[in-house]
Structure formats: C-alpha cells, structure tokens
Amino acid sequence: MMVRRRLLISGHVQGVFFRDSCRQMAREQSVSGSARNLPDGRIEIQLEGYKPAVDRVIAWCRLGPPMAEVEKVEVYEERPTGQEGFTVS
C-alpha cells in the first residue's frame with residue numbers, strides 16, 4: 001500500500017547532513033519525497049512509497065546521522081500524490 005507522510009523533526013538537525021543522509025536512506029528504500037530546512041530550526045521531510053519502506057525511513061529519522069541530536073519527530077499522514085524522486089532544498 002502506497003502512503004505519504006510529512007515529518008517535522010526538531011533538535012540539532014540542521015548543519016549535520018541530515019537532509020542529504022535522509023535522501024540516501026530514502027533512495028535505498030525506493031522512497032520518494034523531499035527534505036528542507038525550516039526557518040525555526042526544524043527540518044520538514046515528505047516521504048512517499050510503500051508503507052514498510054516509508055516506516056523504515058521514519059525509524060531512521062528518529063535517530064538521524066551521527067552528528068544529529070533528534071529531540072522530536074512529528075508524523076502526519078497525507079494522501080499520496082505520485083511523487084517521484086527525492087529533492088533536497
């Protein structure tokens with residue numbers, strides 16, 4: 001089943017290669033989406049793909065790359081849009 005999730009990630013997550021590492025993890029899981037820094041210091045991530053693969057990327061986001069300090073991950077369900085690829089902005 002295809003799903004789409006929007007994540008808001010708080011903590012020390014900007015400037016630690018979180019977005020690019022997430023893109024690599026998503027690609028490994030064949031998950032599409034995007035990642036961007038927000039002005040308030042959080043990162044917003046959109047994920048779309050098969051539920052087990054999206055769940056694996058979400059689990060990775062709860063830890064992040066080695067230099068990150070993830071404090072909170074908010075997950076919102078959204079309707080799939082057919083997004084392809086993964087962009088970082």
Side-chain angles (χ1 to χ4, degrees):
M1 174 173 71
M2 295 293 282
V3 298
R4 183 176 181 86
R5 302 290 185 261
R6 182 170 70 97
L7 286 64
L8 295 175
I9 304 170
S10 305
H12 179 65
V13 293
Q14 292 189 9
V16 294
F17 300 100
F18 200 109
R19 293 173 298 150
D20 193 54
S21 298
C22 182
R23 174 176 41 194
Q24 292 174 357
M25 177 62 176
R27 284 181 177 168
E28 290 172 12
Q29 299 299 317
S30 298
V31 170
S32 297
S34 62
R36 68 182 183 116
N37 287 337
L38 297 176
D40 64 4
R42 296 180 298 170
I43 291 179
E44 178 184 51
I45 296 177
Q46 304 276 348
L47 300 171
E48 187 166 327
Y50 289 106
K51 186 176 184 321
V54 169
D55 288 345
R56 284 190 291 273
V57 179
I58 292 172
W60 177 89
C61 287
R62 294 186 189 283
L63 300 172
M67 294 176 58
E69 295 176 20
V70 177
E71 293 176 6
K72 183 177 181 182
V73 177
E74 300 170 64
V75 180
Y76 302 94
E77 293 185 24
E78 297 185 342
R79 185 179 310 262
T81 64
Q83 183 173 357
E84 295 183 11
F86 197 99
T87 60
V88 173
S89 58

* Taking all heavy atoms of Cys61 and all of Val73, pick out the closest pair and write down the distance. => O-CG2, 4.0 Å

* Asked: For Gln46, does its backbone N or O pair with a side-chain atom of Arg4 as donor and acceptor, under 3.5 Å?
  -> no

* Asked: Out of Arg42, Arg5, Arg6, which one pairs with Glu74 under the salt bridge (charged side-chain N to carboxylate O under 4.0 Å, His left out) rule?
  -> Arg42

* What about Phe17 and Val13, same hydrophobic cluster or not, with Ile/Leu/Val/Met/Phe/Trp/Tyr joined at side-chain heavy-atom distances under 4.5 Å? -> no

* Out of curiosity, Lys72 NZ to Leu7 CG, how far, rounded to the nearest 0.5 Å? -> 12.5 Å

* To do: Determine the minimum heavy-atom distance between Cys22 and Val57, stating which atoms define it.
  => SG-CG1, 4.3 Å

* Using modelled atom types only, decide if a donor and an acceptor are shared between the side chain of Gln83 and the backbone of Gly33 within a distance under 3.5 Å. => yes

* Work out which heavy atom in Val54 is nearest to a heavy atom in Gly49; give both atom names and the distance. => CG2-N, 3.5 Å

* Verify same cluster id: Ile58, Val88 (apolar side-chain graph, 4.5 Å) -> yes

* Can you name the nearest heavy-atom pair linking Glu48 to Pro80, along with the distance? -> OE2-CB, 3.6 Å

* Could you tell me the separation between the CD atom of Glu71 and the CZ atom of Arg62, rounded to the nearest 0.5 Å? => 14.5 Å

* Structure fact -> NE2 of His12 to CZ of Phe18, rounded to nearest 0.5 Å, is 11.5 Å

* In terms of hydrophobic clustering (I, L, V, M, F, W, Y; side-chain heavy atoms under 4.5 Å; direct or indirect links), are Leu8 and Val3 co-clustered? -> no

* Test side chain to side chain contact (heavy atoms under 4.5 Å, CB included) applied to Ser30 and Tyr50, step by step -> CA-CA 8 Å; Ser30 298; Tyr50 289 106; over 6 Å; no

* At what distance, to the nearest 0.5 angstrom, does CG of Asp55 lie from CD of Gln29? -> 10.5 Å

* **Minimum heavy-atom distance Phe86-Ser32, with the two atoms named** => CD1-C, 3.8 Å

* Structure fact -> Interatomic distance, OH@Tyr76 vs CD@Glu44, rounded to 0.5 Å, equals 10.5 Å

* Minimum-distance pair of heavy atoms, taken over all atoms of Ile43 and Ile45 -> CG2-CG1, 3.7 Å

* More than 12 heavy atoms of other groups within 6.0 Å of Met67 CE -> no

